[in-house]
Each structure stands twice: as structure tokens, then as C-alpha cells.
Amino acid sequence: MKAIKLCIFLVVAFSLASCGEDSAGIYRINGSLVNGREASNAYLYVFYPEYQKVRLEDSTTVVDGAFMFEGRCDLPAEAYVGLDGEMRDVCSFILTGAVIDMKIGNNSYIVTGTADNDKLSALLTKQHTAVNERMRLQKEYQRLQADSVLTKAAEDSLLNSYRNQSVGLRESVLAVLNDKKSSPLLSRMVFRMFSSFFPKSEADSLALLVEKMD
């Protein structure tokens, strides 16, 4: 009887271990469209650096504003989700074996579920906020100028606020690049997506920093 029990225990233990190994690298992307965003289909693309090409990995139908992708990804990869086949308006993120949540709006998106994606989404949200604030400041400047009530003090205040939007974003980007917990893949993506917000001399220095992380 003891031998039978031991045998059953070993079979169960082996089965659990096998399931654990098989589940490694398995991902599930739970996507939802928010703030009035509409689409009929969603497409998952993966970038393969060895070929320098983006490949269509999977596609699915959007049902009631939701979609899902499931698959295997043994190594973290730069990936994108596009809606209705549009590659010019895609959501960039890091695909890895995890449950990833994605919310896509009309002008922005958020991807959460892993530390790297949380950091990337935080930067994208900050960028979106900074761009909107700069547009608001530009309109305010133009309004005051058109009404001939633009004083020197008001002009200086608006210009300082305008510049500070880029300064705040650059500080957040540097924090991610200097974070030792950030993966080399995240650092490369962040540099490529946000280097235009830095003066050329700083961008060149950041490029060297990112290169050393590989």
C-alpha cells in the first residue's frame, strides 16, 4: 500500500513539475478599447532583431471592445498591437511570458502586468500629458497675442511652463535608463522612443549608456 501511495505521489509531483515547465514563456494579452475607441480586429506583431523585421504573429476579432492573444514567448521581445491592420497607430510594449493587460484609447494606451511595461506606460502617459499641456500653452499664448494683452511677464511664464514639460519628461526617462532593474530591451525602446526630447549632445551620451547595457 505504501509503495502504491509513493508511486501516486511521484506521478503527481512529476505532472506538476512538467506543467510548470510547459507554462514557462506562456503569455496572455487581455486587451480592451476605451474612451470611444472602436475597431473590428486586433493584430499582434513581434520585432525580430536578428532579421531587423517586424512579423505578424497573430490576429483576432474584437468583440464588445475586447480582444485576447495567447501564445508562447521564450525570450522577451519588442512587440506591437495594431487595430484593423493599421501599423501607423500601434501600441508598443514588451512581450514576455506573463498576463499582460492593455487598454487602448483614441490617442493613448496603457500596458501593465510586468515591471518593464509598467515603466514604459508611465513614460508614455507622461509624454501624452506633456504634449497636451504644451498644446494648451501654445493656444493660450496665441490667444493673449491675438487680444494684444500678452505682457512680458505672461510670456515668460508661458515659455517657462512650456520648457518645463520637456524637462519633466527627460527626468523621468533618465530615471528609467539609470534604474538597474530596467532590462536592456526596455532601455533600448525607451531611448528610441524618447531621445528626440533631449538635446543632441545628451542624446549621444544616452546612446552610449544604452549600448553598455547590452
Side-chain angles (χ1 to χ4, degrees), residues 15-129 131-132 172-173 176-177 179 181-195 210 213-214:
S15 297
L16 290 174
S18 297
C19 287
E21 289 175 5
D22 290 342
S23 63
I26 299 300
Y27 65 80
R28 184 171 79 242
I29 301 171
N30 298 316
S32 59
L33 307 187
V34 298
N35 299 329
R37 184 68 186 264
E38 295 181 351
S40 299
N41 299 286
Y43 300 84
L44 174 63
Y45 303 89
V46 175
F47 175 66
Y48 289 86
E50 62 269 33
Y51 305 114
Q52 289 296 301
K53 288 186 177 180
V54 174
R55 189 179 77 183
L56 175 63
E57 199 75 12
D58 200 359
S59 62
T60 189
T61 303
V62 178
V63 180
D64 295 330
F67 60 88
M68 184 178 70
F69 292 109
E70 288 184 322
R72 185 182 183 91
C73 179
D74 293 320
L75 293 173
E78 183 174 349
Y80 318 89
V81 165
L83 299 176
D84 290 339
E86 292 290 342
M87 275 297 291
R88 56 188 171 83
D89 183 22
V90 296
C91 305
S92 302
F93 68 105
I94 294 177
L95 181 64
T96 188
V99 176
I100 298 171
D101 294 311
M102 179 179 294
K103 290 181 172 56
I104 306 175
N106 286 308
N107 299 305
S108 63
Y109 64 91
I110 296 176
V111 182
T112 57
T114 67
D116 279 349
N117 281 316
D118 290 348
K119 293 175 186 176
L120 182 58
S121 283
L123 288 179
L124 289 168
T125 298
K126 197 173 187 70
Q127 179 190 30
H128 182 68
T129 301
V131 169
N132 285 342
S172 297
V173 170
V176 171
L177 292 178
D179 187 348
K181 294 181 179 179
S182 297
S183 69
L185 176 56
L186 174 64
S187 297
R188 290 196 299 272
M189 290 178 65
V190 167
F191 173 75
R192 190 182 69 249
M193 295 169 73
F194 298 97
S195 60
V210 171
M213 293 178 181
D214 288 331

Heavy atoms, side chains only, cut-off 4.5 Å: are Leu185 and Met189 in contact?
yes
Is the shortest distance from a Lys or Arg side-chain nitrogen in Asp74 or Arg72 to a carboxylate oxygen in the other one below 4.0 Å?
yes
Hey, which of Leu186, Ile94, Ile110 is the one that makes side chain to side chain contact (heavy atoms under 4.5 Å, CB included) with Asn117?
Ile94
Heavy-atom side-chain proximity of Val111 to Val81 below 4.5 angstrom
no
Any donor-acceptor N/O pair, Ser182 side chain to Val176 backbone, under 3.5 Å:
yes
With a 4.5 Å limit on heavy-atom distance, are the side chains of Asn41 and Phe67 in contact?
no
Heavy-atom closest pair (Val62 atom, Ala39 atom, distance to 0.1 Å) is CB-O, 3.6 Å
Apply side-chain contact (heavy atoms from CB on, under 4.5 Å) to the pair Asn107 and Asn132, showing each step before the final yes or no.
CA-CA 11 Å; Asn107 299 305; Asn132 285 342; over 6 Å; no
Less than 4.5 Å apart, side chain to side chain, heavy atoms only: is that true for Asn106 and Arg37?
yes
For Arg192 against Ser195, the heavy-atom pair lying closest together
O-OG, 4.0 Å
Do you know which two heavy atoms are closest between Leu44 and Ile29, and how far apart they sit?
CD1-CD1, 4.1 Å
Once you round to the nearest 0.5 Å, how far does CG of Leu95 lie from CG of Leu75?
11.0 Å
Min side-chain heavy-atom separation Lys119-Asp179 under 4.5 Å
yes
Is there a side-chain contact between Leu124 and Met193 (heavy atoms, below 4.5 Å)?
yes
Is the shortest side-chain heavy-atom distance between Phe194 and Leu177 below 4.5 Å?
no
Minimum heavy-atom distance Ser59-Tyr43, with the two atoms named
CB-CD2, 3.5 Å
May I ask you to decide if Ser40's main-chain N or O and Asp84's side chain share a donor-acceptor pair within less than 3.5 Å?
yes
Judged by atom type as modelled, is there a donor-acceptor pair below 3.5 Å linking the side chain of Thr60 to the main-chain atoms of Ala42?
no
Can Tyr109 and Ser92 be said to form a side-chain contact (heavy atoms from CB on, under 4.5 Å), step by step?
CA-CA 9 Å; Tyr109 64 91; Ser92 302; 3.6 Å; yes
Within the 6.0 Å centroid threshold, strictly below: Tyr45 and Phe47
no
Could you state the interatomic distance from CG (Asp116) to OG (Ser187), rounded to the nearest 0.5 Å?
8.0 Å
Spatial distance of atom CE (Met68) from atom OG1 (Thr61) [nearest 0.5 Å]
12.0 Å
How many angstroms lie between atom CD of Glu38 and atom CG of Leu83, to the nearest 0.5 angstrom?
11.5 Å
If you round to the nearest 0.5 Å, how far is CG of Asp118 from CG of Leu123?
11.5 Å
Counting only N and O atoms by type, is there a donor-acceptor contact under 3.5 Å from the side chain of Ser108 to the main-chain atoms of Ile104?
no
